[in-house]
Amino acid sequence: MARKTKLEAEETREQILNAAEQMFYQHGVSRTTLEKIATAAGVTRGAIYRHFANKSMLFSAMLERIRLPFQQMLSELDSLQQADPLAQLRAVLIHSLEIIARCEQHQRVLSVVFHRCEYIDELNPAVSRQEDLDKAASAIISRSLQRAKAAGMLRSDIDPDLAACGIHAYMGGLIRKHLLQPEFCDLSQASGYIDLMLQGIKKPA
């Protein structure tokens, strides 16, 4: 019986997260109340509070559902230091964009983050968490570029930290544009976008 209860609780939690994702996407974060989410999920507000202390925690949990594959790829990029770090970085960047191109859930959640979210005080913990993840991602990319530079793959004037920040911003720009105008910025062409960007920092053949 306890196992069934635990399973039911997890199903309810996912039901609430699915409803929150849809409500945030349709109405924006600031205009979506817990009452609206409860109605959409077919549960009471009390059921939401049993899983999430407030809307910020619910928002954070929604983001965590799509962050995992990207975090795993970045961890591998940092730990599996192969002979060609630039090729490894290229593969991770391309795969990241391809995931977004083919996954509607990722598109919805990232649309909420980029285009339907006012960074109000209520969401400060979630915003701070995202800032920490952005810094961690840039640091991992920088270390990958440092290995590439040590292997003689980058131009001598390239600063890995500066380049990592630029790559992170470039990826964010592609994602934002794709979410607004997918026919104009088609992420199924990810390899072309990434190769064009990396060409600017690679050592000439």
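Remember, predicted model here, so these are calculated numbers, not experimental data. If you read the sequence from its start, that first residue is 1, and numbering goes on from there.
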Any side-chain to backbone donor/acceptor pair from [X] onto [Y]? Under 3.5 Å, distance only.
{"X": "Arg31", "Y": "Phe24", "value": "no"}
{"X": "Thr32", "Y": "Met23", "value": "yes"}
{"X": "Tyr170", "Y": "Tyr193", "value": "yes"}
{"X": "Asp78", "Y": "Leu74", "value": "no"}
{"X": "Gln107", "Y": "Leu179", "value": "no"}
{"X": "Lys55", "Y": "Val29", "value": "yes"}

Quiz item: Should we say atom CD of Gln181 is surrounded by more than 12 heavy atoms from elsewhere, each under 6.0 Å from it?
Solution: yes

Self-check item: CZ/Arg65: more than 12 non-hydrogen atoms of other groups inside 6.0 Å
Solution: yes

Exercise. Starting from the C-alpha separation in whole Å, work towards a yes-or-no answer on side chain to side chain contact (heavy atoms under 4.5 Å, CB included) for Met73 and Ser96.
Key: CA-CA 8 Å; Met73 285 189 291; Ser96 297; 3.4 Å; yes

Which distance, rounded to the nearest 0.5 Å, do you find between the [atom1] of [X] and the [atom2] of [Y]?
{"X": "Lys149", "Y": "Ser156", "atom1": "NZ", "atom2": "OG", "value": "7.0 Å"}
{"X": "Leu110", "Y": "Phe114", "atom1": "CG", "atom2": "CZ", "value": "5.5 Å"}
{"X": "Ser191", "Y": "Ile94", "atom1": "OG", "atom2": "CD1", "value": "5.0 Å"}
{"X": "Ile48", "Y": "Thr44", "atom1": "CD1", "atom2": "OG1", "value": "7.5 Å"}
{"X": "Ile66", "Y": "Ile100", "atom1": "CD1", "atom2": "CD1", "value": "7.5 Å"}
{"X": "Gln105", "Y": "Leu17", "atom1": "CD", "atom2": "CG", "value": "9.5 Å"}

Does the side chain of [X] reach to within under 4.5 Å of the side chain of [Y], using non-hydrogen atoms?
{"X": "Cys185", "Y": "Leu187", "result": "yes"}
{"X": "Leu89", "Y": "Ile194", "result": "no"}
{"X": "Thr33", "Y": "Lys36", "result": "yes"}
{"X": "Met153", "Y": "Lys202", "result": "no"}
{"X": "Leu154", "Y": "Leu86", "result": "yes"}
{"X": "Arg147", "Y": "Pro160", "result": "no"}
{"X": "Glu21", "Y": "Val112", "result": "no"}

Closest approach of [X] to [Y] (non-hydrogen atoms, all atoms of both residues):
{"X": "Ser60", "Y": "Arg67", "answer": "O-NH1, 4.3 Å"}
{"X": "Ile37", "Y": "Ile16", "answer": "CG2-O, 3.9 Å"}
{"X": "Pro85", "Y": "Ser144", "answer": "O-OG, 3.5 Å"}
{"X": "Asp186", "Y": "His178", "answer": "CA-ND1, 4.1 Å"}
{"X": "Met62", "Y": "Val109", "answer": "CE-CG1, 4.0 Å"}
{"X": "Arg90", "Y": "Leu198", "answer": "CB-CD1, 3.7 Å"}

Quiz item: For the residue pair Tyr25 and His115, is the inter-centroid distance of their aromatic rings smaller than 6.0 Å?
Solution: no

Exercise. Test Phe70 against His106 for ring-ring contact (aromatic ring centres under 6.0 Å, His included), laying out the working first.
Key: CA-CA 11 Å; Phe70 300 111; His106 281 74; 5.5 Å; yes

Exercise. Report the C-alpha separation of Gln71 and Glu64 in whole Å, then their side-chain angles, then the decisive distance to 0.1 Å, and conclude whether the side chain to side chain contact (heavy atoms under 4.5 Å, CB included) test is met.
Key: CA-CA 10 Å; Gln71 290 173 322; Glu64 287 300 326; 4.3 Å; yes

Quiz item: Just checking, is any N or O donor in the side chain of Ser142 or Gln146 under 3.5 Å from an acceptor N or O on the other one?
Solution: yes

Self-check item: Test log, rule side chain to side chain contact (heavy atoms under 4.5 Å, CB included), inputs Leu34 and Leu58
Solution: CA-CA 9 Å; Leu34 291 182; Leu58 179 52; 4.0 Å; yes

Quiz item: Going hydrophobic residue to hydrophobic residue with side-chain gaps under 4.5 angstrom, can you get from Leu133 over to Ile99?
Solution: no

Quiz prompt | Residue pair Ile141, Val92: steps toward the side chain to side chain contact (heavy atoms under 4.5 Å, CB included) verdict | solution = CA-CA 10 Å; Ile141 293 172; Val92 167; over 6 Å; no

